[in-house]
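Below, each value reflects all heavy atoms present in this structure, side chains not excepted, and no hydrogens, waters or symmetry copies. Residue numbers start at 1 and run along the sequence shown.
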Amino acid sequence: MKNVAVANGLTLSAYSCEKLPGGGDTLARTLAFARRLPGVEKIAILLDEQAPCPPGFEAARLQGEGAADLLGQLARLAAGADNLFYFFADCPLLDAGLAARLLESHGRYYADYTFADGYPLGLAPEILRPGVLPALSALAPGCPEVRARDRGAIFEVVRKDINSFDVETELAPADLRLLRLSLSSDTKRNFLLLTRLLEAGAADAQSACRLAQQQPELLRTLPAYYSIQIVAGCPQLCAYCPYPRFGIRETGKQAEMELGRFLGLAERIREFSGDAVLSVSLWGEPAYYDRFPELAAAVRERGLRLIVETSGVGWDPARLAEVAPGSGIEWVVSLDADGPQLYRALRGEGYEEALRTIELLAARFPAQVHVQAVRMKENEERLEDFYRVWKARTGKVIVQKYDHFCGLLPDRRVADLSPLKRFPCWHLKRDLAVLIDGRVPLCREDVSCRHLLGNLFEEELAAVWERGERYHRDHLREDYPRLCAGCDEYYTFNF
């Protein structure tokens with residue numbers, strides 16, 4: 001049996017060369033895994049044009065970033081082989097025993113494609129029959145959003161026409177997909193998780209999965225999503241917003257965070273989290289921010305992602321034109337209705353202006369504009385039409401669940417989407433909310449700041465983040481503060 005092992009090195013970072021508990025770095029461990037794979041005669045690594053080739057691997061350079069480029073190169077590398085092992089080079093916990101079981105199933109059932117299902121990412125390779133790669137390459141143009149560096153790229157192409165392929169799976173003893181773990185050294189957050197698991201005794205797939213279940217406190221690492229209030233004030237008083245309950249009856253801008261303060265905060269976030277998504281729409285309309293183009297540029301220059309959730313009302317077209325197009329920024333325009341009458345009842349005036357803003361954004365950021373509706377009793381009957389119209393026009397529609405803010409607002413939910421069994425809050429585990437004056441409430445639901453974690457303009461980010469740890473541990477024990485006990489947002493996931 002002649003097999004080929006191909007490691008995807010497009011996601012390698014400096015953390016892949018950092019020493020790991022127990023000895024060696026990520027690349028050394030990944031190479032050792034590849035050498036233990038049955039029948040492997042060649043070990044290649046996919047790299048871009050400039051990246052140096054790690055010792056022990058054969059370099060394979062990608063000419064493009066799409067799924068077709070990936071599959072074409074895999075076909076060339078696997079020519080004449082019986083099987084292709086495909087995995088990512090930044091995964092030091094890849095399990096050779098699990099890979100052997102996958103190969104046994106792959107051969108027994110004459111599969112085209114075999115993968116492990118229910119395991120965290122980074123524990124098992126995917127296996128392909130080389131003869132199927134031309135067919136997958138032909139499907140790849142139908143997946144323009146899939147990139148060669150995406151960890152699910154192969155599966156995304158396969159499922160484009162999944163009934164045409166013989167697919168086999170190795171099911172995990174317990175389905176851990178809900179944990180959304182990536183056991184890789186590509187980011188500071190994931191490297192910290194790897195370090196914790198290795199220090200706790202993880203050595204293979206079985207022990208890593210066991211630790212993830214038995215010691216879930218290890219999984220809260222660093223914040224990935226920061227929701228920041230850069231402006232106080234909105235052009236609308238929406239029917240489902242809690243702020244009118246606090247006596248705010250007027251529209252318009254009230255205050256904004258100084259750009260220098262925001263830039264300092266963004267830099268500290270980069271240093272602390274390594275990578276993160278910054279949403280700048282907490283309790284205020286970002287269109288009101290005087291120096292928004294500079295703010296957007298600064299976020300993207302630091303390698304952070306920017307999310308702008310907006311009413312679409314209040315934007316100066318000239319200012320929007322100053323925001324550079326390209327990756328690193330996503331726009332979400334909250335519309336909620338498919339016509340001016342319902343829009344007025346839910347949001348107030350501004351329907352036509354919001355539509356014009358969507359057109360402006362779609363022209364400048366064609367792949368990065370989402371039109372959003374909050375699903376509630378008032379718009380449920382017309383939501384399907386809303387979705388169809390905007391899906392055809394922009395291709396990206398978000399239907400967001402209604403949030404009653406722990407009972408502060410009337411319950412307008414059409415359906416209760418909460419899981420049958422509660423689990424610890426994603427927002428305590430991954431998010432931080434920052435108000436205009438630097439205060440950090442427990443989460444966005446803590447609108448009265450009754451559980452204040454600190455102030456980021458006065459304290460270190462690490463200290464503020466650490467104060468949320470006890471609330472997360474309370475959730476692990478199924479002990480919920482009053483605010484959390486009445487919350488319906490714990491299962492929603494941002495990034």
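A donor-acceptor pair under 3.5 Å links the side-chain atoms of Arg29 to the main chain of Gly23, judged by distance alone. Judged by distance alone, with hydrogens and angles left aside, the side-chain atoms of Arg302 form no donor-acceptor pair with the main-chain N or O of Ala266 at under 3.5 Å. A donor-acceptor contact shorter than 3.5 Å links the side chain of Arg268 to the backbone of Leu456. A donor-acceptor pair is defined here as one N or O able to donate and one able to accept, closer than 3.5 Å; no such pair exists between the side chain of Asp150 and the backbone of Gly152. Without hydrogens or angle criteria, Asp204 side chain to Gly97 main chain gives no donor-acceptor distance under 3.5 Å. A donor-acceptor pair under 3.5 Å is formed between the side chain of Gln368 and the backbone N or O of Gly326. No donor-acceptor pair closer than 3.5 Å links the side chain of Lys429 to the backbone N or O of Pro223. Under a 3.5 Å cut-off, the side chain of Thr187 and the backbone N or O of Asn190 do form a donor-acceptor pair. Listed for the Asp69 side chain is no donor-acceptor partner under 3.5 Å among the backbone atoms of Leu62. Of the possible polar contacts, none joining the Asp161 side chain to the Leu139 backbone as a donor-acceptor pair under 3.5 Å is found.
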Pair Arg291, Leu295 - check side chain to side chain contact (heavy atoms under 4.5 Å, CB included), show working.
CA-CA 6 Å; Arg291 301 171 69 180; Leu295 179 149; over 6 Å; no

Mind running side chain to side chain contact (heavy atoms under 4.5 Å, CB included) on Thr357 and Val313 for me, showing each step along the way?
CA-CA 7 Å; Thr357 300; Val313 177; over 6 Å; no

Determine, stepwise, if the pair Leu102 / Phe115 fulfils side chain to side chain contact (heavy atoms under 4.5 Å, CB included).
CA-CA 7 Å; Leu102 286 170; Phe115 68 101; 5.8 Å; no

Walk me through whether Gln63 and Glu49 qualify under side-chain hydrogen bond (donor to acceptor under 3.5 Å, both in side chains).
CA-CA 7 Å; Gln63 302 299 316; Glu49 289 296 324; 2.9 Å; yes

Give the intermediate values and the outcome of side-chain hydrogen bond (donor to acceptor under 3.5 Å, both in side chains) for residues Asp336 and Asn379.
CA-CA 7 Å; Asp336 296 323; Asn379 65 1; 5.0 Å; no

Test side chain to side chain contact (heavy atoms under 4.5 Å, CB included) applied to Ile329 and Val308, step by step:
CA-CA 8 Å; Ile329 183 170; Val308 186; 4.2 Å; yes

For Tyr109 and Thr114: C-alpha separation, side-chain torsions, deciding distance, then whether side-chain hydrogen bond (donor to acceptor under 3.5 Å, both in side chains) applies.
CA-CA 10 Å; Tyr109 298 110; Thr114 301; over 6 Å; no

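Taking CE of Met376 as the start and CG of Leu383 as the end, the distance is 9.0 Å to the nearest 0.5 Å. Taking CZ of Arg189 as the start and CZ of Phe272 as the end, the distance is 10.0 Å to the nearest 0.5 Å. One distance of note links OG1 of Thr221 with CG of Leu181; it measures 9.5 Å at 0.5 Å rounding. Separation of atoms OH (Tyr225) and CG (Leu432) is listed at 12.0 Å; rounding is to 0.5 Å. Atom CG of Leu93 is separated from atom OG of Ser207 by 7.0 Å, given to the nearest 0.5 angstrom. The line from CZ of Arg196 to CD of Glu217 is 9.0 Å long, rounded to the nearest 0.5 Å.
Residue pairs satisfying the side chain to side chain donor-acceptor pair (under 3.5 Å) criterion with at least one member in residues 9-23, sequence neighbours excluded, are listed as follows: Thr11-Asp90, Thr11-Arg151, Ser16-Ser185.
Two residues are said to be in side-chain contact when any heavy atoms from C-beta on lie closer than 4.5 Å; His475 and Arg422 meet this criterion. Within the 4.5 Å cutoff, side-chain heavy atoms of Trp331 are placed close to those of Leu320. Taking 4.5 Å as the limit, every side-chain heavy atom of Leu94 sits out of range of all side-chain heavy atoms of Leu183. Side-chain contact between Leu219 and Leu179 is present, with at least one heavy-atom pair separated by less than 4.5 Å. A heavy-atom distance below 4.5 Å is found between the side chains of Arg220 and Glu469. Annotation: side chain of Leu306 is not in contact with side chain of Glu330 (no heavy-atom distance under 4.5 Å). Under the 4.5 Å side-chain criterion, counting only non-hydrogen atoms from C-beta, Arg101 is not in contact with Glu104. Annotation: side chain of Tyr86 is in contact with side chain of Leu46 (closest heavy-atom distance under 4.5 Å).
With no hydrogens or angles considered, no side-chain donor-acceptor pair links Thr492 and Trp426 at under 3.5 Å. In this structure, a donor-acceptor pair under 3.5 Å is absent between the side chains of Asn3 and Asp82. Under 3.5 Å, the side chains of Gln372 and Glu309 contain a donor-acceptor pair of N or O atoms. When only modelled atom types and interatomic distance are considered, Ser311 and Glu285 share a side-chain donor-acceptor pair under 3.5 Å.
Closest non-hydrogen pair, Val4 versus Ala78, comes out as CG2-CA, 4.4 Å. What you find for Ala59 and Leu47 is that their closest heavy atoms are CB-CD1, 4.2 Å. Of all the heavy atoms in Leu211 and Gly201, the pair that sits closest is CD1-C, 4.0 Å. Listed here is the closest heavy atom pair of Ala202 and Ala208: CB-CA, 4.1 Å. The two residues Ala205 and Asp95 make their nearest non-hydrogen contact at N-OD2, 2.9 Å. In this structure, Ala324 and Arg300 approach most closely via the heavy-atom pair O-NH1, 2.6 Å.
Counting non-hydrogen atoms of other residues, nucleotides and ligands closer than 6.0 Å to CD of Glu41 gives a total above 12. More than 12 heavy atoms of other residues, nucleotides or ligands lie within 6.0 Å of CD in Glu353, so this atom counts as buried by the packing criterion. Enclosure of atom CZ in Arg319 by more than 12 non-hydrogen atoms of other residues, nucleotides or ligands within 6.0 angstrom is indicated. For Gln206, the CD atom sits in a loose shell: 12 or fewer heavy atoms of surrounding residues, nucleotides or ligands are nearer than 6.0 Å.
The aromatic rings of Trp390 and Phe386 lie tilted to each other, with the angle between the two planes from 30° to 60°.
Aromatic ring centroids of Phe85 and Phe87 lie 6.0 Å or more apart.
The residues Arg129 and Asp166 are annotated as not salt-bridged, no charged nitrogen and carboxylate oxygen being separated by less than 4.0 angstrom. Using a 4.0 Å cut-off between charged side-chain N and carboxylate O, Lys401 and Glu489 make a salt bridge. Taking a cutoff of 4.0 Å between a charged side-chain nitrogen and a carboxylate oxygen, Arg270 and Asp275 do not qualify as a salt bridge.
Here the options are Tyr491, Phe493, Tyr490, the test is ring-ring contact (aromatic ring centres under 6.0 Å, His included), and the partner is Phe423; only Tyr490 passes. Each of Leu77, Ile127, Leu133 was compared with Leu84 under the side chain to side chain contact (heavy atoms under 4.5 Å, CB included) criterion, and only Leu133 meets it.
Taking the ring centre of Phe495 as origin, the terminal cationic atom of Arg430 falls outside the region bounded by 6.0 Å and 45° from the ring axis.
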